[in-house]
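Atoms within each ligand, like the ligands themselves, are counted from 1 in listed order.
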Amino acid sequence: MRLALTIPFLAITAMAKCAVIDGGSQPPATVPPSSTAYWFDQPIDHFGLNNGTWQQQYMFNATFYKPGGPIYILTPGEAAIGTYYTDKTYFTNLAEQTDGLVVAVEHRFYGQSNPMPDLSGPSLKYHTIENTLEDFAAFIRIAKSDPDNVFPVAVSPNSKVVFGGVSYAASISAWMRATYPNIVDGAWASSPLIQYRYENYWLDQSWGKHLAALGCAIEMAQAVNELDEVMFSGNQTAIDDIQARFGSPQLASRDFAALISAIITINAKAGVSTDFEPTQYTVCDFFDSSRSNLDSYALAVSTLIDWLGLSQQALTQMADTTLGLDNYALGQVARVWYYQSCAWYGDWQVAAPASTGLPVYRSRLVDLEYYTPNCKNKFGNHMLDRVDSEGFHNKWFSILQNVSKIYYTAGSLDLWRASSATPREGTLLPNTTLSPTYLIDGATHAQDISAPSEYDLDSVQQARDIGNALVRQWIL
Ligand SMILES: *[C@@H]1O[C@H](CO)[C@@H](O)[C@H](O)[C@H]1NC(C)=O
Ligand SMILES: *[C@@H]1O[C@H](CO)[C@@H](O)[C@H](O)[C@H]1NC(C)=O
Ligand SMILES: *[C@@H]1O[C@H](CO)[C@@H](O)[C@H](O)[C@H]1NC(C)=O
Ligand SMILES: *[C@@H]1O[C@H](CO)[C@@H](O)[C@H](O)[C@H]1NC(C)=O
Ligand SMILES: *[C@@H]1O[C@H](CO)[C@@H](O)[C@H](O)[C@H]1NC(C)=O
């Protein structure tokens, strides 16, 4: 039994702590271990607003590299780099098959790649997508023109470069190929977010589709309706009683509603394999006709809290988006990610408003009012009342039109499917042989990028085979 517990964005801080660099197995003496951290000088702002410099962290695995081989560049996006990215993804398998070098480069403002001494609103002014892409481009230009400058092993100049990533980092991969086609020869975008909306209630709808595939969507929607009857009743005794039954500390109603939806979906990103369905095991298996749907929901959440060993204090922290409004310390993944929502694209993960007529799988208390007041409170009054999600989407979706050599994937049960290149039947971008989209039947988020396993769904292996063949064309 492999219970892969992933961390939702609400509680993403926990993830940063996992990025401890470990030694790994002993490579040949001439190849430095992939756990060694290297640093690359970057300007704070590539467009002249601040000429100070900072150091961007990267790591690489040269075990399989042979002169003339390609460079596979990955970024984790909103997480710290570590040997997982150099050694443990499918890109390492690709490197082994194609004599390639795997390089993991950290994204500005995440991990230890800090352009500024803190995460205040004024410091985060330099956290733009344009700067982020230009950071990676600056690294690639040197890696191609003067590899000795960035690698202590002999790497051929003018190597082919394939960019890869999952989720938000998959969007970055696609944008890198679209923005810098002369230095990025191809991009593998696994479950990219390419449709950005102000209110992302489609994430909740995609989760409902996953539950429907397992046969418990109606029960879950009913449980949420029963819950909301209490939460909106104004009867504080009943509300307190419900919170206790879910194993939650007593919280403000919105915080409680957001907390339990974060916990119940905690495994929705975990991979489905031939021997294990995490959402079946942690959600649907709890619905039982001997009790009310609300009681089943409460039991599922309280059991997960137990399995995860989450203390009441940890739960309070997970729930409270106003926590640490004035804490500008480095190393807060959730704060930087929050800034992206406030300043770039919105994409707030809310329940569908009643006006849409859609079912909901999270409480209607999880609405814009839960998230958006924090933008000014965390980052300052200069933040917009309403971020221009449409403007962001139009710009970054348009640049993907007519771009060749991007491979888009998404799982049919992907939590982010509605934001992906294949949001429903068919595709959002033209599905051409130059930049194909592949829907991975029965899979969740970004399963194609993990290293192959004997428990993989056939569709996941198929997605890798298609990508493998494309990469070989790109690096010719
Ligand atoms: C940064 O350097 C450029 C080029 O020398 C210059 O035009 C610009 O004014 C400088 N910016 C700042 C904020 O000093
Ligand atoms: C590169 O990754 C492979 C596969 O995980 C691993 O066996 C090897 O030790 C790594 N190389 C280095 C230099 O750490
Ligand atoms: C409030 O809820 C409690 C517990 O469910 C219940 O006993 C009580 O009758 C309710 N009060 C009102 C005014 O409905
Ligand atoms: C894409 O290319 C086709 C064929 O060259 C052209 O007709 C179309 O206008 C292009 N679309 C965009 C958005 O550039
Ligand atoms: C894209 O086109 C290919 C080739 O025709 C097809 O196999 C694939 O299923 C299409 N993808 C989607 C998501 O429709």
Side-chain angles (χ1 to χ4, degrees), residues 21-38 42-54 58-66 69 71-72 74 81-104 115-116 122 125-126 131 134 151-155 189-192 194-195 404 406-414 417-443 448-453 458-460 462-467 469-470:
I21 294 169
D22 67 72
S25 55
Q26 286 300 308
T30 49
V31 178
S34 57
S35 56
T36 311
Y38 295 86
Q42 293 280 13
I44 292 171
D45 189 90
H46 288 278
F47 308 95
L49 297 181
N50 187 328
N51 292 330
T53 59
W54 58 284
Y58 64 101
M59 297 171 165
F60 64 89
N61 182 332
T63 294
F64 306 115
Y65 182 73
K66 295 208 182 77
I71 302 179
Y72 296 99
L74 285 74
I81 57 170
T83 51
Y84 171 78
Y85 298 97
T86 52
D87 299 1
K88 301 272 163 43
T89 77
Y90 185 62
F91 286 97
T92 308
N93 296 73
L94 271 171
E96 186 171 11
Q97 293 171 34
T98 59
D99 303 334
L101 181 74
V102 185
V103 187
M116 299 296 281
K125 176 172 85 173
Y126 304 108
N131 268 325
E134 190 53 37
F151 302 119
V153 294
V155 171
S190 171
S191 293
I194 62 171
Q195 167 93 54
S404 65
I406 302 178
Y407 179 42
Y408 299 98
T409 62
S412 66
L413 303 179
D414 202 326
R417 171 138 183 225
S419 305
S420 78
T422 171
R424 57 196 80 84
E425 295 313 307
T427 59
L428 199 54
L429 290 157
N431 181 18
T432 64
T433 47
L434 286 178
S435 284
T437 296
Y438 186 70
L439 179 66
I440 312 176
D441 191 39
D448 47 320
I449 286 307
S450 52
S453 132
D458 289 345
S459 57
V460 169
Q462 176 74 16
R464 290 194 196 110
D465 291 345
I466 293 170
L470 288 165

- Message: Any nitrogen or oxygen of Gly48 lying under 3.5 Å from a nitrogen or oxygen in ligand 1? Just yes or no.
- Response: yes
- Query: Any idea which residues sit under 4.0 Å from ligand 5, heavy-atom distances?
  - Reply: Thr422, Thr427, Asn431, Thr437
- ligand 2 N/O within reach of Asn61 N/O, cut-off under 3.5 Å: yes
- Message: Is it the case that ligand 1 has an N or O less than 3.5 angstrom from some N or O of Asn50?
- Response: no
- Message: Does either side chain, that of Thr98 or that of Tyr72, offer a donor lying less than 3.5 Å from an acceptor on the other one?
- Response: yes
- Task: Determine yes or no for a side-chain-to-main-chain donor-acceptor pair under 3.5 angstrom, with Ser34 supplying the side chain and Asn61 the backbone.
- Result: no
- Quick one: which ligand 2 atoms are inside 4.0 Å of a heavy atom on Ser34? 12 (C), 13 (C), 14 (O)
- Message: Taking 4.0 angstrom as the limit and counting only heavy atoms of Val31, give me the atoms of ligand 2 inside it, by number and element.
- Response: 13 (C)
- Within the 4.0 Å heavy-atom cut-off, what Pro32 brings close to ligand 2 is backbone
- Task: Please confirm whether Thr63 comes within less than 3.5 Å of ligand 2 when only nitrogen or oxygen atoms on both sides are compared.
- Result: yes
- Does Asp448 use its side chain to pair, donor to acceptor, with the backbone of Arg464 at less than 3.5 Å? no
- Query: Does some side-chain heavy atom of Tyr90 sit less than 4.5 Å from a side-chain heavy atom of Ser190?
  - Reply: no
Please tabulate, for side-chain N and O atoms in residues 421-428, each donor-acceptor pair with protein atoms closer than 3.5 Å (sequence neighbours left out).
from: Thr422; atom 1: OG1; to: Arg424; atom 2: O; distance (Å): 3.3
from: Thr422; atom 1: OG1; to: Gly426; atom 2: O; distance (Å): 2.9
from: Thr427; atom 1: OG1; to: Leu429; atom 2: O; distance (Å): 2.6

- Query: Is the backbone of Tyr438 close enough, under 3.5 Å, to the side chain of Thr409 for a donor and an acceptor to pair up by distance?
  - Reply: no
- Message: Just to verify, what does Phe151 make a ring-ring contact (aromatic ring centres under 6.0 Å, His included) with, not counting sequence neighbours?
- Response: Phe60
- Query: Hey, which atoms in ligand 1 end up nearer than 4.0 Å to a heavy atom of Leu49?
  - Reply: 13 (C)
- Item | Contacts of Arg417 that satisfy salt bridge (charged side-chain N to carboxylate O under 4.0 Å, His left out) - sequence neighbours left out | none
- Query: Is the closest N or O pair between Asp87 and ligand 2 shorter than 3.5 Å?
  - Reply: yes
- Message: How close do Leu74 and Tyr85 get, counting heavy atoms only, and between which atoms?
- Response: CD2-O, 3.4 Å
- Is the backbone of Ser435 close enough, under 3.5 Å, to the side chain of Thr432 for a donor and an acceptor to pair up by distance? yes
